[in-house]
Amino acid sequence: MRKSLIAMSCVAAFATTSFSSDVNTEMYKQIQALKAQIEALEKKVAAQETVQTQKVEQPAVTAIDEKRIEKIEKKLDTVSKTATAAKIQSGNDNLKWDVDFRTQVDNIQYKLANGSKAKNDALLTNRLWLGMGYKADDNSSFHGKLSYNKAFGDTANHSQSNTNPGYANFDWVTNENATDNTLKVKEAYWLYTQEKLFGSDIPWAASVGRRPSTDGLPINIRNDQQANSPLSHVVDVEFDGFSIKFDTQSLTGLTGSWFKICGGRGLTNAKPRFDMSGTSYATDNTKNVDVDMLGFIAAPYDNGQYSVHMNYAKAWNLIGFTQADMYDGNNSNNAFVDSGDIQFATILFKTEGIGNGISDYLDNTTAFASFAGSETSPSDKGMLGSLNSETGTSVWLGINAPCPITPDSAKIGFEWNKGSKYWRSMTYGEDTYAGSKIATRGQAWEVYRTQKLTNALSFGVSYVLMQYDYTGSNSFFGYDGKPNAINSAEAIQAGAVKEAQDVRAYMRYKF
């Protein structure tokens, strides 16, 4: 009897220690009450045994106590099962979910090369991200993200969603366009990690799936979220692929250094199923060949404050339209052709904190400078309107600092972009409704402020101005991407966008 009570006491104590963080306050109180009852009964039994040792006759208290103990045991067992179920529900036995929900209003204004204007005074959108993760063991985990992005009132497949015909459902941007109320897969991949590579002290990781390939450095700073991969100056687009990462600090001796090989497929030309040919998923030679990308991302140095980041990538068989298709008077029949290949490279310098202990303000200030280049290798169809290899460059500077009025809860930021005539990026997934500012052939300016209201709720405002020197900044890679001077007769005739601005405000809930 005494051993049973002691064991029950240990169980109760263990329950309070293990589950107090996972079970509600009421359950915790019940366990504590049961523990107190058990301790009281232990004292009674101990007193009874002392009396029996002195050969003093004891009335039938033992039987009554036994019944009480049985009831307490049953109740404790029920509470323990409930606590265990609660722990399983919130612990490692299920997917861990997080939510990022944003309601936003954009005031969008365009000035065209022919002198006309276009605008939307209030584009209202809701964007929902449902993040998920599961770590089955020390070496393998799953990560995913579901996305919903919808303009207020846009529930039908009509002109707002730009899907028939159009490119809102295009695989590179399916989650960055405001379409309908469907939930789409933005990310889904498994991750395998190991501490040693063939016995050497080089931690490494491998991953395959729908990549976290948008919102990388440094666009994540403005977006107030963790950086994904790769660097967004050259690649900010959804695609499927793989990555293999190596922590190289022990190999190079450089603090925080790592190297990652990445590859993926942007488009496939496999035939659809049930296309009446009987050759489902075979190569369709009437379509553009597969669009593939391969490259590397590296951080040669990262000490937590100062860091250097690099990205190189090459993409093959990129899509575009021919001049004949663009001017045949029937754009709905335009077919993509293989425009050629392109190489991207960027290097980014970032500091999280300026100086060392100069002031709290500078300690909490982030600044970056990114330099990027692109080089085309056109097919016989031409690339960016040229049959020659063309090189473009881009500069991106930014700073993010505490707001002087409310430095503990708000940040302000300023960014500037400058792109040359033949600058070309893969930034179709940039979350800016007026177009990718990173792709601007000309200058782009942005100023923003973010304000934390509660642990989960935040508010943000921003102003983006894009001034184009050349056309084609947001086009594909064929003749449609040709950089005509914005004041040229061709740009004026086409009604090309000369200037775009986007003033936005949002409320965001993240947990």
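The structure presented is a predicted model; accordingly, all values stated were derived computationally and were not measured.
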Should the heavy atoms of other residues, nucleotides or ligands under 6.0 Å from NZ of K314 be counted, would the total exceed 12? yes

Looking at D224 and R222, is any side-chain nitrogen of the basic one under 4.0 Å from a carboxylate oxygen of the acidic one? no

Check the pair Y470, I486 against side-chain contact (heavy atoms from CB on, under 4.5 Å), reporting the backbone distance first and the verdict last. CA-CA 5 Å; Y470 300 93; I486 203 65; over 6 Å; no

For this output row, return yes or no: ring centroids of F476 and F336 closer than 6.0 angstrom. yes

Point-to-point distance, once rounded to the nearest 0.5 Å, from OG1 of T346 to NE2 of H233: 5.5 Å

So, K145 and D100, do they make that salt bridge, N to O below 4.0 Å? no

Does K498 come within less than 4.0 Å of D469, counting only side-chain N to carboxylate O? no

Report the C-alpha distance between Q109 and N107 in whole Å, list the side-chain angles of each, state the deciding distance to 0.1 Å, and finish with yes or no for side-chain hydrogen bond (donor to acceptor under 3.5 Å, both in side chains). CA-CA 7 Å; Q109 308 282 335; N107 179 286; 2.9 Å; yes

Could you grab the distance from atom CG of L183 to atom CG of L128, nearest 0.5 Å is fine? 7.0 Å

Is the positively charged end of R211 above the ring of Y189, judged by distance under 6.0 angstrom from the centroid and angle within 45° of the axis? yes

Checking the side chain of T365 only, and the main-chain atoms of Y361 only, is there a donor and an acceptor separated by less than 3.5 Å? yes

I want to know whether F344 and Y312 have ring centres closer than 6.0 Å. no

For T471 and A491, indicate whether the former's side chain and the latter's backbone hold a donor-acceptor pair under 3.5 Å. no

Give a yes or no answer on whether the side chain of Y509 reaches the backbone of S458 with a donor-acceptor pair at less than 3.5 Å. no

For the side chain of D480 and the backbone of F321, is there at least one donor-acceptor N/O pair under 3.5 Å apart? yes

side-chain contact (heavy atoms from CB on, under 4.5 Å) between R102 and N126: does it pass, once the steps are laid out? CA-CA 6 Å; R102 184 188 71 190; N126 281 324; over 6 Å; no

Between K260 and F246, is any pair of side-chain heavy atoms under 4.5 Å apart? no

Rounded to the nearest 0.5 angstrom, the NZ-CD1 distance for K119 and I108 is 12.5 Å

Count the heavy atoms of every other residue, nucleotide or ligand shown that sit under 6.0 Å from CG of N356, and state whether that count exceeds 12. no

Are S462 and R504 linked by a side-chain donor-acceptor pair shorter than 3.5 Å? yes

On the ring face of F101, is R508 found with NZ or CZ under 6.0 Å from the centre and within 45° of the axis? no

If we ignore hydrogens and angles and just use 3.5 Å, is the side chain of N303 paired with the main-chain N or O of Y306 as donor and acceptor? yes

Using the ring of each side chain (for Trp, its six-membered ring), is W445 parallel, tilted or perpendicular to W416, with breaks at 30° and 60°? tilted

Going by atom types only, do S213 and E238 share a side-chain donor-acceptor pair under 3.5 Å? no

Backbone of E390 reached by a side-chain donor or acceptor of T376 within 3.5 Å: yes

Side-chain donor-acceptor pair under 3.5 Å between K245 and S229, yes or no? no

Could you check whether any side-chain heavy atom of Q104 comes within less than 4.5 Å of a side-chain heavy atom of Y433, counting everything from C-beta outward? yes

Would you find more than 12 non-hydrogen atoms of other residues, nucleotides or ligands less than 6.0 Å from Q493 atom CD? no

CZ of F368 to OG of S307, rounded to nearest 0.5 Å, is 12.0 Å

Would you compute the distance between atom NZ of K482 and atom NZ of K421 and round it to the nearest 0.5 angstrom? 8.5 Å

Please check if any side-chain donor atom of S377 sits under 3.5 Å from a side-chain acceptor atom of D341, or the reverse. no

Ignoring hydrogens and geometry, is there a side-chain-to-backbone donor-acceptor pair from S436 to A439 under 3.5 Å? yes

Using only heavy-atom distances, determine whether the side chains of S140 and D137 contain a donor-acceptor pair under 3.5 Å. yes

Test side-chain contact (heavy atoms from CB on, under 4.5 Å) applied to R424 and S374, P483, S394, the passing residue: S374

Below 4.0 angstrom, N of the basic side chain to O of the carboxylate: do R210 and D240 qualify? yes

Decide if atom NZ of K287 counts as having more than 12 heavy atoms of other residues, nucleotides or ligands within a radius under 6.0 Å. no

Could you point out which residue of D106, T103, V105 forms a side-chain contact (heavy atoms from CB on, under 4.5 Å) with L124? V105

Y110 versus E499, side-chain donor and acceptor atoms under 3.5 Å: no

Between S488 and E490, does any side-chain donor sit less than 3.5 Å from a side-chain acceptor? no

Tell me whether M310 at atom CE has more than 12 heavy atoms from other residues, nucleotides or ligands lying less than 6.0 Å away. no

Could you grab the distance from atom NZ of K186 to atom CG of N149, nearest 0.5 Å is fine? 9.0 Å

Check the pair D290, R265 against salt bridge (charged side-chain N to carboxylate O under 4.0 Å, His left out), reporting the backbone distance first and the verdict last. CA-CA 7 Å; D290 294 337; R265 175 152 293 174; 3.2 Å; yes

Could you give me the CA-CA distance, side-chain angles and deciding distance for V497 and L112, then say whether side-chain contact (heavy atoms from CB on, under 4.5 Å) is met? CA-CA 4 Å; V497 175; L112 309 186; 3.8 Å; yes

Whether T427 side chain and E430 backbone form a donor-acceptor pair below 3.5 Å: no

State whether the side chain of W172 and the backbone N or O of G266 hold a donor-acceptor pair below 3.5 Å, judged by distance alone. yes

Which of these passes side-chain contact (heavy atoms from CB on, under 4.5 Å) with T214: D236, I219, V237? D236

With a 4.0 Å cut-off on N to O distance, would you call K437 and E446 a salt bridge? yes

Using side-chain contact (heavy atoms from CB on, under 4.5 Å), reason through M507 and L457 one step at a time and then give a plain yes or no. CA-CA 7 Å; M507 294 291 292; L457 194 64; 3.9 Å; yes

Using a 6.0 Å cut-off, check whether atom NZ of K381 has over 12 heavy atoms from anything other than its own residue. no

Would you say D215 and N223 are linked by a side-chain donor-acceptor pair, where the criterion is simply a distance under 3.5 Å? yes

Is it true that a side-chain atom of D338 and a backbone atom of G340 form a donor plus acceptor pair closer than 3.5 Å? yes

Using a distance-only test with no angle check, is there a side-chain donor-acceptor pair under 3.5 angstrom linking K452 and T450? no

Heavy-atom side-chain contact between T179 and K150 under 4.5 Å: no

Evaluate whether atom CD1 of I358 has more than 12 neighbouring non-hydrogen atoms of other residues, nucleotides or ligands under 6.0 angstrom away. yes

